[in-house]
Every structure is written in C-alpha cells, then in structure tokens.
Protein chains: 2
Amino acid sequence: MKNRLKVLRAERNWTQADLALALDVSRQTINAIETGKFDPSLPLAFKAARVFQLRIEDIFDDEEGA
Amino acid sequence: MKNRLKVLRAERNWTQADLALALDVSRQTINAIETGKFDPSLPLAFKAARVFQLRIEDIFDDEEGA
DNA sequence: ACACAAAGTCAAGTAAGCTTTACTTTGTGT
DNA sequence: ACACAAAGTAAAGCTTACTTGACTTTGTGT
C-alpha cells in the first residue's frame with residue numbers, strides 16, 4: 001500500500017514527529033508507514049484524512065496486491 | 001466504527017458468507033465487523049469499497065471516538 | 001413440529017499494527 | 001570537521017485483526 005504522507009508533510013513543512021503528534025501515534029509508526037513496513041489501521045487512516053482534509057483514497061493507494 | 005455492510009449486503013441479497021467470499025476473509029470476520037467487535041484493516045476496507053463501488057467513507061463511519 | 005439456512009458467538013491460535021527504548025544514518029548549517 | 005535535527009532501523013512486548021472449528025440462536029418455509 002503506497003501513500004502520499006511524505007509529500008503531504010513536505011507541503012506543510014512537517015517532520016515525521018509533527019505528523020505523529022497530530023495523529024496521536026509514535027514517530028516510528030509514521031516512519032514505518034511511510035517506508036512501507038506496514039499499513040495503517042483504518043481508524044488511523046481516517047485520522048490522517050481528517051488532518052489533511054482529504055479522502056482516504058487520496059492519501060493511500062491500494063494498488064490491488066493479492 | 002460503524003459501517004453499512006449489512007445494508008449493502010441486503011441490497012444485493014448477499015449473506016455474510018457471500019460477502020466473506022467476495023472480500024476473501026472468513027465469515028466470522030464479516031460478522032465481527034458488522035457486529036462491531038473490531039474494525040477492518042485498511043486493505044480490507046479498500047476491498048469492500050471496490051466490491052461495493054463506493055468510497056471507504058461511504059461504507060465506514062469513523063464517528064470520532066478518542 | 002421439524003428442517004434448514006443464516007447469523008451470532010466462543011476459544012485458541014497466528015499475524016499485523018503499534019509502543020517504548022535505543023541506536024545508526026543522512027542531510028544541513030556553521 | 002563538528003554539531004544538530006530528521007530520518008531510518010531494530011528488538012521486545014502488547015493489542016487488535018483475522019483464522020479455523022465448533023457450537024447456539026434466530027428466522028423462514030413446509
């Protein structure tokens with residue numbers, strides 16, 4: 001699952017730590033998601049959508065894998 | 001996290017087992033999600049959105065709980 | 001009343017998301 | 001070259017998503 005978190009952060013000049021704070025998760029969690037270690041939970045995806053004022057589908061890309 | 005799976009199934013006359021098959025999860029997983037035992041993963045939410053041709057936000061409702 | 005399909009539920013196990021702590025790497029400014 | 005901030009990574013532990021198997025409950029048709 002790809003995502004645009006890095007870009008969205010860059011647009012706002014946010015660090016991974018800043019985003020972690022906004023989403024109420026650890027910095028490592030943001031890093032792991034950005035680097036593709038695992039997918040966020042659905043609740044976390046909703047939070048991200050709220051923070052960036054975008055739809056989940058506009059942040060995360062399913063790319064139909066298995 | 002609330003969801004409209006039961007209604008969407010009803011519209012199509014699908015059983016929980018039918019939906020489970022379509023989403024490639026167990027029947028118990030569908031039941032647990034419908035009855036609020038736990039939230040689906042993001043990939044599963046994407047699959048549901050694809051199957052029903054809706055946006056994730058139109059199927060699942062975050063309802064801002066902590 | 002009986003049979004059957006669908007839904008609900010429980011237990012035990014595996015896998016994935018997330019935490020904390022701690023360390024290394026990369027990039028930038030001075 | 002040095003210092004510092006940001007990013008990356010890793011291990012161990014906890015929680016949540018999901019599995020299989022088995023059983024109970026509910027609803028419908030006959």
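Throughout, protein chains are lettered first and strands after them, A, B, ... in sequence-line order, and every chain is numbered starting at 1. What's counted below: heavy atoms across the whole structure, side chains too, no hydrogens, waters or symmetry copies. Not measured: the values here are computed from a predicted model.
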For A:D58 and A:F52, what are the C-alpha separation, side-chain angles and deciding distance, and is it a side chain to side chain contact (heavy atoms under 4.5 Å, CB included)? CA-CA 10 Å; A:D58 292 330; A:F52 291 120; over 6 Å; no

Is A:L42 reachable from B:L54 through a run of hydrophobic residues whose side-chain heavy atoms are each under 4.5 Å from the next? yes

Defining pairs by Watson-Crick or G-U wobble geometry with both distances under 3.5 Å, how would you list the stems of DNA chain C with at least three pairs each? C:1-30 with D:1-30

Spacing of A:Q16 atom CD relative to C:dC18 atom P, expressed in whole Å: 15 Å

Just checking B:Q53: does its CD atom have more than 12 heavy atoms from other residues, nucleotides or ligands closer to it than 6.0 angstrom? no

Do A:L44 and A:I33 come close enough that some side-chain heavy atom pair is under 4.5 Å? yes

Qualifying residue, where the test is salt bridge (charged side-chain N to carboxylate O under 4.0 Å, His left out) with A:E34 and the options are A:R9, A:K6, A:R27: A:R9

Value in whole Å for how far the P atom of C:dA7 lies from CG of B:L19: 10 Å

Atom CG of A:L5 and atom CG of A:L19: how far apart are they, to the nearest 0.5 Å? 6.0 Å

Could you give the CG-to-P distance, from A:L21 to C:dT19, as a whole number of Å? 12 Å

How is B:S41 classified with respect to the nucleic acid when contacts are heavy atoms under 4.0 Å: base, sugar-phosphate, or nothing? sugar-phosphate

B:N31 has an atom CG; how far is it from atom P of C:dC10, in whole Å? 11 Å

Between C:dA16 (P) and A:L44 (CG): distance, integer Å: 18 Å

Tell me whether the side-chain N/O atoms of B:Q28 come closer than 4.0 Å to OP1 or OP2 in C:dG8. no

The residue, B:A32 or A:P40, whose nearest nucleotide of DNA chain C is more 5′ is B:A32

Please report, rounded to the nearest Å, how far the P atom of C:dC18 is from the CD1 atom of A:I30. 9 Å

Check the distance between C:dA16's C1' and B:L42's CG and give it to me in whole angstrom. 13 Å

What range of DNA chain D does chain A touch, first nucleotide to last, counting atoms under 4.0 Å from its heavy atoms? D:dA6 to D:dA10

Does a side-chain N or O of A:R27 approach OP1 or OP2 of C:dT20 to a distance below 4.0 Å, or not? no

Under 4.0 Å between a side-chain N/O of A:T29 and OP1 or OP2 of C:dT19, yes or no? yes

Taking all heavy atoms of B:I56 and all of B:A45, pick out the closest pair and write down the distance. CG1-O, 3.8 Å

Regarding B:D62 and A:R50, does a basic nitrogen lie under 4.0 Å from an acidic carboxylate oxygen? yes

With a non-hydrogen cut-off below 4.0 angstrom, is A:S26 in contact with a base, only sugar-phosphate, or nothing? base

Closest contact, heavy atoms only, A:K47 versus A:D24: NZ-CB, 3.5 Å

